[in-house]
Amino acid sequence: MNIDFTAIEEKWRKAWYDAKINESVPIQGKKKFFMIFAYPGVTGYLHVGHMRGYTFSDAVVRYKMMTGHQVLFPVGTHATGNGAISFAKRVERRDVATIEMLRANGCDEETIAKLSDPAEVVRFFNQVYINDYWKRFGFLSDWRRFTCTIYPDYSKFIEWQMRKLMVEGLLIQRPYFAAACLEHGPVAIDPSETDISKGGNAEVLEYLLLKFDFEDGRKLVAATLRPETVFGLTNFWLNPDVEYVDVRVDGEIWVVSRPAAEKLKLQKDKVEVIGSAHGASLMARRCKAPFTGKMIPIFPSTLCDPNVGSGLVMSVPSDAPVDWIGLVELKKDKAAGDRYGITDQMIEDAHPIPIIDTPGWGPLPAVEISERMGITSLSDPKLDDATKEVYKTGFHTGVMNKSCGEYAGRPVEQAKEAMREEMLASGQADVFHDLSEEVLCRCGAKVFIKKIPDQWFIDYANPALTERSREHALTMKILPREYYDNIQNVLEWYRERACVRLGNWLGTRFPFDQRWIVEAIADSTLYPVYYVVSMYANTGQIKAEKMDEEFFDYVLLGKGDGSSVAKNTGFSRDVIESIRKEFEYWYPLDINLGGKEHMTVHFPVFLMNHVAVLRPQHWPRGILVNWYITATGGKISKSKGGAQPIPDAAERFGVDAMRLFYAHVASLYVDVAWEDEKVEGYRDRLEKLCVTVDELKSVTTTESSEVDAWLTARLESRLFGLHKYMEEFDLRSYVNDVYFETPQDLRWYVRRGGKNKSVLMAALEKWIPLMAPVTPHVAEEMWESIGKKPFVSQIQLASGSLSDKVVMEEAKERLVSRLLEDISEILKVTRIKPSRIVVMTSPSWKYEMTADALAATKGRPDISALIKKAMVSAKTPQEKKEIPAYAKDLVMNVTKASPEDRRGLAAPIDELEVLKKTVPFLQSEFGCEVLVFSASDPGRIDPKGKAGFARPGRPAVYLE
RNA sequence: GCGAGGGUAGCCAAGCCCGGUCAAAGGCGACAGACUCAAGAUCUGUUCCCGCAGGGGUCCCCCGGUUCAAAUCCGGGCCCUCGCACCA
């Protein structure tokens with residue numbers, strides 16, 4: 001069969017949206033379910049991987065809709081930041097990759113021309129996301145509520161949120177050191193290099209500047225990451241070929257390199273270059289080390305890079321391989337020594353001083369590792385690794401040794417921090433930020449670290465807020481389970497977070513200072529709230545410019561007076577009241593689903609902002625995290641492309657096949673590679689199911705059979721299990737049952753001789769709706785094909801049950817299928833072609849003993865009690881002989897039995913009767929005569945004495 | 001640096017929290033049989049090793065431990081992946 005999935009999708013999509021079944025309306029008194037997925041940033045086309053989480057959400061929402069809930073499933077987009085701006089810039093300068101990517105996605109030239117405007121970029125992609133992705137996939141989202149973070153009404157909401165945070169005392173100001181281009185302001189340093197043209201992997205390093213007193217009162221300033229090593233100082237390094245400058249800082253005169261002076265100007269107030277000093281002139285003189293007061297000589301080193309740190313370096317040859325090798329080389333270089341007046345004795349005096357005891361290392365790790373790695377020259381590239389290794393092990397496992405004064409005996413990790421504080425407090429040191437590698441702005445200019453003296457932060461470290469959030473998180477449904485635990489730690493460790501920024505960004509102006517734009521995380525954490533309001537703004541019933549603090553306070557916090565709000569905003573009182581009522585109805589948010597990248601950023605602040613601003617009854621109730629769909633070779637990247645456009649994939653595989661793939665290919669909580677063949681497999685599966693439905697609905701026979709009751713019961717029990725899965729949002733198990741196990745049931749029914757039209761139709765009427773959450777288009781089509789009225793999407797699913805009757809029917813059929821397996825196994829092993837099969841059910845005493853064993857079970861049944869009881873009522877000597885062995889066997893089986901087996905064994909079924917009715921089926925399966933006896937029937941046919949094998953649930957078999 | 005997750009049969013992937021139901025679900029692939037003129041589709045069966053009676057052996061990255069019992073718990077090791085540090 002060749003099914004035109006695209007046509008089916010189009011048909012039902014249109015039908016749903018025409019009938020507006022996606023529009024959310026509160027029904028007071030009815031249960032509600034409110035779910036969102038973390039809206040995507042508008043930075044280009046999405047790829048097939050992104051649809052995983054979105055589709056999962058839609059499936060959950062559809063399921064909820066079919067189980068008695070009014071649902072709200074709104075969508076929006078996030079355009080704050082520089083994504084659209086940098087996209088527009090790439091288009092403007094006709095960036096080849098960007099243009100090609102647009103064309104590959106079917107974008108025409110006229111549109112491309114428009115996309116050099118960021119606002120157009122946002123408008124364009126908003127439309128792409130809605131139409132080409134979400135509607136195309138049949139989402140039952142309420143489109144009337146769509147919002148975007150740069151809409152004016154959304155901005156009003158963000159302003160309100162910032163005001164509330166201010167009132168709560170959660171907005172604080174303090175200095176901050178940010179990467180910035182002097183021309184273009186702050187830039188983001190990240191591997192995708194959206195703002196920059198070089199240096200995406202750079203890190204911001206925090207150096208400590210140590211001040212060394214020089215004889216004339218100036219201070220030589222060395223930058224270091226390891227202040228604790230001052231105890232091992234032996235000398236100072238300066239580059240004789242580099243120009244150094246005198247800089248006036250806070251009344252002191254510092255000597256640093258010229259680039260360092262420029263950087264300092266950006267990070268400290270009133271920094272002034274007042275003179276210059278050539279490195280060579282300082283050679284062989286002495287300076288006084290901070291902290292220890294030791295006098296050390298100044299030696300030349302060409303390795304002092306004026307662009308790194310301060311351009312001056314302190315030398316600790318015991319723990320820094322570079323310093324050690326520097327000394328070794330200097331010793332060999334007589335010419336340099338002579339030139340600068342450095343004697344052998346001076347170098348000799350600069351021998352390494354052991355300062356840190358590190359397990360597994362000798363007293364001088366730098367010397368040791370240089371020898372081990374065979375490093376003898378400063379040009380050896382292995383120096384980097386050597387330095388890292390010594391630093392890492394020393395920092396984590398080292399202890400300051402006895403020559404470290406009051407710090408002796410303290411772990412390096414602690415000593416470092418304590419010494420830093422002490423030197424800063426005494427004015428012997430200062431802090432300096434620098435980038436670990438060169439970073440260039442898009443404009444080509446160098447990026448520096450710049451002090452922002454008055455940066456605003458949201459105080460997520462606030463202890464009360466943290467505590468309340470953590471407590472609330474414990475009451476939430478957070479999946480996967482690991483994250484439920486881990487979010488406690490994330491919340492605990494969460495620190496102040498910069499919430500506004502300068503520069504050219506899209507977003508909302510900070511209400512307390514218009515120079516700032518609210519940062520992209522800060523404006524995307526409380527927003528589920530806004531979907532309640534957005535619909536009214538979209539329809540023009542309320543106007544952005546009038547949405548003031550009083551308005552939001554009233555509808556979201558229940559504060560104030562409705563008539564006053566109406567008067568001041570000019571909005572209709574009815575509208576205001578219904579927004580407020582809707583908010584009270586839909587909130588709190590039941591589930592927020594987002595990718596795993598949100599675990600340490602979005603989710604914690606999402607939670608904390610709710611806790612900070614809203615009333616407790618409106619705090620969120622659940623978080624679901626999804627892992628990624630990756631490309632076979634690695635992560636599918638938005639910017640780097642390489643993945644097929646979503647509409648193309650939809651056309652090629654069918655939307656429902658993709659939806660099925662997402663839902664079933666793996667648990668939500670693992671990454672999984674996208675493979676065309678797999679998706680094709682799911683498409684084939686769907687086609688098969690369509691065929692199955694077609695065949696079953698065409699059955700016209702009305703004869704009843706033994707298995708009619710079983711099929712009905714089976715679906716009851718499946719239904720019951722499915723709801724259990726969905727309580728845990730375990731869509732994968734749900735799909736496995738609906739799409740793979742249930743068709744097996746139907747096949748078994750037919751194989752067993754089931755052919756009753758009305759039983760089959762009843763089964764289809766139960767089964768097809770179960771597919772509606774995951775493959776809704778195909779489900780609607782099937783539903784229609786069996787003569788039902790649309791929409792299957794709106795059918796209420798039965799709850800299912802595990803009643804005694806259901807258990808008994810399942811146990812009966814299990815008896816039959818197990819017998820079938822046993823016989824097949826024996827046939828396989830013996831390679832007999834049977835002429836007759838004899839089946840023997842257990843003697844009654846075995847049933848009795850089994851019942852006793854099951855009843856006794858709390859832990860293990862008592863073997864001897866079972867034996868004693870059976871012996872008393874034993875009728876024959878043969879029986880007495882069998883009892884002990886059987887009892888032992890039974891106890892083992894009962895302890896190991898699954899709940900299902902246990903229920904089956906306990907079910908009161910007459911095995912002899914059931915099996916006698918199965919004789920025709922067995923005869924046709926094996927093509928020979930089948931006889932059924934009780935093992936205690938004197939007339940049984942059992943020449944090889946197999947009757948003893950009989951157990952309840954597992955009759956004995958004799959073949960010949 | 002700070003933090004998280006993971007290594008299961010030819011492949012993908014459940015199971016692990018709550019030890020016995022586990023030779024380990026399901027899918028894919030492969031093989032065999034049925035149907036068919038044939039192929040495809042579909043259905044049935046097999047797919048770690050041994051076995052002419054429904055059984056036995058070995059197994060879930062490696063090593064060790066706890067236990068009557070470990071894929072599952074604990075300790076150590078090797079390897080992989082990912083998140084964060086004003087991209088969102």
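Nothing here was measured: the structure is a model prediction, and the numbers come from that model. Keep in mind that the numbers below use all heavy atoms, side chains included, and drop hydrogens, waters and symmetry copies. Here is the naming used below: chain letters follow the sequence lines, and residue numbers restart at 1 for every chain.
Between A:Ile452 and A:Val670, it is A:Val670 whose nearest contact on RNA chain B lies nearer the 5' terminus. Nucleotides of RNA chain B nearest to A:His664 and A:Val187 differ in position, and the one nearer the 5' end is that of A:His664.
Here the separation of B:G26 from B:G64, taken at their P atoms, is 33 Å to the nearest Å. Rounded to a whole angstrom, the distance from the P atom of B:G27 to that of B:C17 is 26 Å. Taking the C1' atom of each, B:A9 and B:G54 are spaced 24 Å apart, rounded to whole Å. Taking the C1' atom of each, B:U44 and B:C78 are spaced 45 Å apart, rounded to whole Å. For B:A30 and B:C87, the C1' atoms lie 46 Å apart once the distance is rounded to whole Å. Straight-line distance between the P atoms of B:G76 and B:G10: roughly 31 Å, to the nearest whole Å. Nucleotides B:U47 and B:C84 have their P atoms positioned 46 Å apart, rounded to a whole Å. Spacing between B:G51 and B:G57 at atom P, rounded to whole Å, works out to 16 Å.
Within the nucleic acid shown, A:Pro743 has no heavy atom closer than 4.0 Å to any nucleic acid atom. Within the nucleic acid shown, A:Tyr682 has no heavy atom closer than 4.0 Å to any nucleic acid atom. When heavy atoms are screened at a 4.0 angstrom cut-off, A:Ala178 is found touching base atoms of the nucleic acid. At a threshold of 4.0 angstrom between heavy atoms, the contacts of A:Gly81 are confined to the sugar-phosphate backbone, with no base atom among them. Contacts of A:Asp822 with the nucleic acid, taken as non-hydrogen atoms under 4.0 Å apart, include base atoms. Among the heavy atoms of the strands, none lies under 4.0 Å from A:Glu677. Base engagement by A:Ala956 is indicated by at least one non-hydrogen atom pair under 4.0 Å involving a base atom. The residue A:Lys944 sits apart from the nucleic acid: no heavy atom pair falls under 4.0 Å. At a threshold of 4.0 angstrom between heavy atoms, the contacts of A:Ser524 with the nucleic acid are absent. Using a 4.0 Å heavy-atom cutoff across all strands shown, A:Tyr958 reaches at least one base atom of the nucleic acid. Using a 4.0 Å heavy-atom cutoff across all strands shown, A:Val665 reaches sugar-phosphate atoms only and no base atom. Within the 4.0 angstrom heavy-atom criterion, no nucleotide atom of any strand lies near A:Ser824.
Computed from coordinates, the A:Asp730 CG to B:A25 P distance equals 17 Å when rounded to whole Å. Atom CD in A:Glu741 sits roughly 7 Å away from atom P in B:G27 (whole-Å rounding). The distance between atom CG of A:Leu815 and atom P of B:G54, rounded to the nearest whole Å, is 19 Å.
Checked against B:U47, B:A85, B:C28, the side chain of A:Lys828 finds its nearest nucleotide in B:U47. Taking every side-chain heavy atom of A:Glu825 into account, B:G55 is the closest of B:G55, B:G26, B:C87.
Taking the charged nitrogens against the carboxylate oxygens, A:Arg420 and A:Glu228 have no contact shorter than 4.0 Å, which rules out a salt bridge. In summary, A:Glu960 and A:Lys944 do not engage in a salt bridge, as defined by a charged side-chain N under 4.0 Å from a carboxylate O.
Under a cutoff of 6.0 Å and an axis angle of 45°, A:Arg52 and A:Tyr662 do not form a cation-pi pair.
In this structure, A:Phe125 and A:Phe87 have perpendicular ring planes: the angle between them is above 60°, well past the 30° mark.
Residue A:Tyr628 forms a side-chain hydrogen bond (donor to acceptor under 3.5 Å, both in side chains) with just one option from A:Lys596, A:Glu597, A:His50, and that option is A:Glu597.
A:Tyr527 has its ring centre less than 6.0 Å from the ring centre of A:Tyr39.
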